[in-house]
Structure formats: structure tokens, C-alpha cells
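Letters go in sequence order (proteins before strands), and every chain restarts at 1. In this text, all values refer to a predicted model and were calculated from it rather than measured experimentally.
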There are 2 protein chains.
Amino acid sequence: MRQGPTITTIAERAGVSIASVSRVLNRLPTSEATVRAVRVAAEELGYVPNSVARSLKSSRTNQVAFAMADIGNPTYVAMVRAMQPVLKDAGFRLILHSTDADIDDELDVLRRLGERYADGLIISPIRLTERHLEAFAEARAPVVVIGSVPDGTPVDNVRADSRTGLRLALDHLYALGRRRIGFVNGPLDTVPGAARARAYADALTELGLPHDPALIEIGDFYRADGAAATRRLLARTRPDALMCANDLIALGALDVLRAEGLRVPEDVAVVGTDDTDLAPVAWPTLTSVALGSAERGRRAAELMLDRLADGDAEPRVVTVEPRLVVRGSTKGTS
Amino acid sequence: MRQGPTITTIAERAGVSIASVSRVLNRLPTSEATVRAVRVAAEELGYVPNSVARSLKSSRTNQVAFAMADIGNPTYVAMVRAMQPVLKDAGFRLILHSTDADIDDELDVLRRLGERYADGLIISPIRLTERHLEAFAEARAPVVVIGSVPDGTPVDNVRADSRTGLRLALDHLYALGRRRIGFVNGPLDTVPGAARARAYADALTELGLPHDPALIEIGDFYRADGAAATRRLLARTRPDALMCANDLIALGALDVLRAEGLRVPEDVAVVGTDDTDLAPVAWPTLTSVALGSAERGRRAAELMLDRLADGDAEPRVVTVEPRLVVRGSTKGTS
DNA sequence: TTGTAGGCGTTATCAG
DNA sequence: CTGATAACGCCTACAA
């Protein structure tokens, strides 16, 4: 933990100027003798270049930041896990921000991008306000947003397609003969909550099913909230299927259905969303709409690398295809 | 995304020197008039301090790095989730390294600490080699290791107590009348694998149970490996309980037991280790030895903060208490 | 090929 | 209280 040597230290030891040291270290044309002297000195001293000083010159930090609501949420974990290798291979470190879905926190992260501690920011806001859009426009470094932003927003954008996703799920339930398909959603003022509410309504319409408000219940995106919401829903009506806005909600629904003595999937089929690691572990295993968390993370990282390579390209929008993963909670036992 | 203003820009605009600007920005005693002029100018220009330049001067980055084998592993996720708020409250950002348990990768991270991109490193190596110990000794910044290191190693250390943990589990199984307690472990050359093997053997001795090699099987730390190992074990003997070295292995064991038509816990009780998010979701819900992943993460972050505040203090060792969380896989249905 | 010197944006130490 | 000015460690013209 002693103080590290600098190019000056090496220069003295090798009996050359700091310019020569820098040249050797950067593989610029230099005489054999100098190269050897510098290499030896650097080796002996255990020299490690100071990336901060280098960043000050180059205005590059080789770090990319990712801001998410909660590092404990499996969806974000899947994203991080997918970004990591992409960024690493390109020589970037990943910095994490957990914002607890606090809007001021998120805006703060965007503002601090100006501090230049990172070359770019990938952000997945759970709510999207006017202030977010302003902050995107004023950001001092490239921003990639995971979650739909309005067209024309000057950022690269990776989108999930909940519309198609929910359609896949409802088609599946319909094909199984289910007609009273309930929906346990998260808050409507969130990006996913709003998107999924629209998607559910559209799917009902397309299937020619009636819109029954009694079949819709809203809670937060966690297991306990999902359980409470399901309880409220069951208290007033009897669905033969439950679509849930994420897997945690679905787990809560499974808890309540089991407690009520209802069989899954015989009495009530259940579908989750996000296809997290929890889905194949649950009992019964959980059918879930995979919105491609991992792929969204990967694509976001790729967009960021492209943007860092060419800052002036047109903003791009990438949409990731959803997929329905059928398991025991809708079909037989597993 | 335009070029940002610097203190020089502000100084010109406010008609003062850069020194005065710096003083105002750092709240050092300054005259009212100067303060106002600088504040106004900074505001108008949308000034944001450059943290890289500040770091160069102060040799502080306000970043702490965490190196783990796999960001997808729930144990590490729990650690990250617990470190995050501690570090954040102290004004530090968290940087992530996923090393895929590659030793060269880990050593590289340690070496690159010399680049000073982070003020300190928290690392949780899955294997611990001689080279690791050397690298710890030579590290250019504080290192906190999660996982036992030999006494005398010059780093702060957070340990789990697998010995007590396995003892709790085996006591529980013994109390339930189980006498043929199998053990599905991970590789013996890993830190947790070795510790848990010793702990299992010790617990058997203390309970006065015979050591039957047929009851021990080794695979890797993932679900499929746990399943395969369990299959091998069942092919040669019939345990009435299975202790598993982590929750993923335990899930694999549950898969196999179910496939073989064995009832859990009636025929075979199952205990996992780490008490991850997966344990309460599994079916039956999984009894698991909580080795305090979250608390280990939290304590590691705290040790790091202490160390950064006082670099010369004696290296500290913190041991986190294990806890047995009893669920359906050992006791009734749940 | 090599060395000198200036600058990246801040902080901090001096005189004034 | 304020303004020059010298670092921090590195890169890079420009000169020699």
C-alpha cells in the first residue's frame, strides 16, 4: 500500500526524460536502448499507470454507469449480468447506481454525468417525468434509456414490447379455454405499469373479450403487494386465469390462491411477466412472459459502445422481442 | 452534450480569479460579493465540477470496487444490495467486476487497483491461492476480503461461520430423527467447498454419527451439477436427509428427489446453504443455513469505510453469525 | 530519436 | 479577502 511510482520516477531511474518514458509506455517509435531501459525500470518499480491522470488528459474514463431502481430486482440483475461482458470486452468498467426509484436521485445521477466520472450512462427509470426528458436533452455524456421514451428524445432507446408479450400470454390462456382473465398490475404511473395496462386492454379487445373492471387490481411490484391485490380481486370476483405484471406479483398470487384452496392451473391459471430466475423455481413452476431483460441489457451496452465510438449518429431505437415461456402454472403440473 | 464550463470560464464571467471560484465552490471564507458573483456565474453556465481533475489533485476517486465471481449469483447480489446503501451514504460509488472465478482476472483487478480508479477493493475470491495472498500484500489501495484468509494477511476480513452453520443444520436434522445425513458439496479446492467439507465432518463427529464416504458427493455449485451429484449419491445409497452446500445445489437435489418419487421431507429432508431469495420460493420451501450474505456485504463496506478513514489501523476480522431458517423441506409442508 | 514545456481542471500555498 | 502560481500524473506538440 506504499505510494506508487510515476513516470517521473521511472525517468530518473532509467536516466531518460518523462517524454521518452511516455513514448515507450505508449509504444511510440523509440530506440531499442531507451525501450529496454524504461521497461526494466518500470518493471523493477512495479509501475502502474494512473488512470485518473490519463483520464484528465484524454477526457475518457473507460467507465460506463448503469442506474436502476433496485439492484435486488432480478430483472435488473439480469440486465447487469448481460451488460457486464459486453462492456468488459470493450475495456470498460461498470459502475452501479441504485436509485430506489427516487426521481431526484435519478436526475441527480444524470446531472452528475457532467462530473465526467463515467463516459456514458445507461438508465432504466421506473417512472418517466418531464424533468427526465429535459435532463436527457441536457446530459453532458451519452445516455441510453431502457424503457420506452417518446419519439424524438435525443437518446438511444431499448424497448420491451409488452403489447406483444401480453398478447402472447392472453392468446395462450384463451387457447386453454380461459375467458375470465384477471390482471394484477403495478402502479399506473410507472413506465411498465402503464404499458402493461394498455397492452392488457388491447389484448382483450383483440380477443373479443369483455372489459370487466372487476377483473383488474393494482398493487405495487412486490410479492406482498401482489398477494394483497390478488386477495382484493378474489374477494369480489372469480377469474379462471390471472395475468400478473411481474413475477414477484405472480408469486404473491400463487401464495393467495394456495391459501384459498384454489388449484393452479386447474381452477386458476397464472402467468407472470419478466421470466426471472424465480419462475422456474416456483411451485407450480410459473409460466411467464419473457420481455428479454438480459437481451435488453446487452443491447443497451452495445448501443452505448456504438455511441461512444460515434457520438453524432442518429439516436437509435431497439425493440426486443418478447417470448412466452410456458410452465406448470398454466399447463398441467411440472 | 456540449463542452462544459470550467472554473476558468466562471472566473472570467464573474470577473474574479480561479482561486476565488474554487474557494466559493468549496465554501471557504469569502466576501459576500464574490460569493454572489461566482454563484450567479456558475448557475448561468450550468457548471458541474470535474471529478477527474479533483481526483487527480486529491488522489481520491470516491469509488469503491467490488469483485465477485458472478453478478448473477444470488449470494453476491445480496452482498451488493447490502453494500450499496452503506457506500452511497458515505458518498462513494460502487464499481462492479465480474471475474467468472478466473484467478488471473482477479489478480488483474488487484494489480489495476494501482491505476487508482477506485479508493479501495472489496473482493470475494472463490479460490484463494498463494498468488492472491501476495497480491493482497502488494495492493496499492485498501482491500477487504469476504471469505476467510489466513491469520496475518494484511487485509480486513469478513468471514462466514460455516462450521456453526452446518452444525445448526445437522442438529436440526438429528433432532428430527435423521441419522443418514448425506452431503452434496461443491469443489473442495474452493474456499466455501473446503470450509463446508470440514464443517460437515466436524458436525458428524460431534453428533456421534459415523463417517460414511458413500454419503458424500461433490459437484459444482449450480443446479444442474447439484442434480447430477444427487443422482450419483442416490444410485449407491439411501440417505434420510441431504445437506447441500448452497441453495442452487439444493434445488437440483429437490428436482431429482421428486423425479425419483421420493417425498420431501418425509423420505428425505433437504437443507440448503446461503438462504437466497430462491429458498422461500422453492417447493417445498427450502430450509436453508443463512450465512448472512447481506450482512457480510454490509460489514465489508463498513470495514472499507473505516479503513479509508484510518489507513493505519490494525487489520480487522469480522465473523458473521449463521442462522438456520427452517422451512418445508425439513419440517411438514409449507 | 530525444528532451523541454505547456496544458488537462482542481486544489492549495503563498504573497499582496 | 484575493490573486498569482505551483502542483497532481500524464500526453504531445515543438525544438533540438
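- A side-chain donor from one of B/Asn26 and B/Ser22 sits under 3.5 Å from a side-chain acceptor of the other.
- Distances shown here put a side-chain N or O of A/Ser20 below 4.0 Å from the OP1 or OP2 atom of C/dG3.
- Rounded to a whole Å, the CD atom of A/Glu115 is 20 Å from the P atom of C/dC8.
- A distance of 3.5 Å separates CD in B/Gln63 from CD1 in B/Ile95, rounded to the nearest 0.5 Å.
- Residue A/Ser55 has no polar side-chain atom (N or O) positioned under 4.0 Å from OP1 or OP2 of D/dC10.
- Under the salt bridge (Lys or Arg N to Asp or Glu O under 4.0 Å) rule, B/Arg307 has a single partner from B/Asp156, B/Asp312, B/Asp119, which is B/Asp156.
- Among the atoms of the strands shown, only primed sugar atoms or phosphate atoms (P, OP1, OP2) are found under 4.0 Å from some heavy atom of B/Val16.
- Contact of the B/Phe136 side chain with the B/Leu110 side chain is registered, since non-hydrogen atoms from C-beta on lie closer than 4.5 Å.
- Relative to the ring axis of B/Tyr117, B/Arg112 does not place its NZ or CZ within 45° and under 6.0 Å from the centre.
- Counting heavy atoms from C-beta outward, A/Arg298 and A/Glu295 have side chains that approach closer than 4.5 Å.
- We find that CD of B/Glu12 is positioned 15 Å from C1' of D/dG3, with the value rounded to whole Å.
- Whole-Å rounding puts the A/Arg36 CZ to C/dT1 P distance at 15 Å.
- Rounded to 10 degrees, the angle between the two end axes of the helix from C/dT1-D/dA16 to C/dG16-D/dC1 is 50°, with five pairs used at each end.
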Its contact letters, B for base, S for sugar-phosphate only and - for none at protein heavy atoms under 4.0 Å, make nucleotides 10-16 of chain C read BBBB---
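- Distances were taken from every side-chain heavy atom of A/Pro29 (C-beta onward) to each of D/dG3, C/dT1, C/dT2; the shortest belongs to C/dT1.
- Of the possible donor and acceptor atoms, one in the side chain of B/Thr30 sits under 3.5 Å from a partner among the backbone N and O of B/Leu28.
- No engagement by B/Ser59 is indicated, since no non-hydrogen atom pair under 4.0 Å with the nucleic acid exists.
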Run the salt bridge (Lys or Arg N to Asp or Glu O under 4.0 Å) test on A/Glu43 and A/Arg39 for me, step by step, so that the C-alpha distance in whole Å, both residues' side-chain angles and the decisive distance to 0.1 Å come before the verdict. CA-CA 6 Å; A/Glu43 180 68 27; A/Arg39 286 266 152 75; over 6 Å; no
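- Between A/Asn62 and A/Arg60, the closest side-chain pair of non-hydrogen atoms falls below 4.5 Å.
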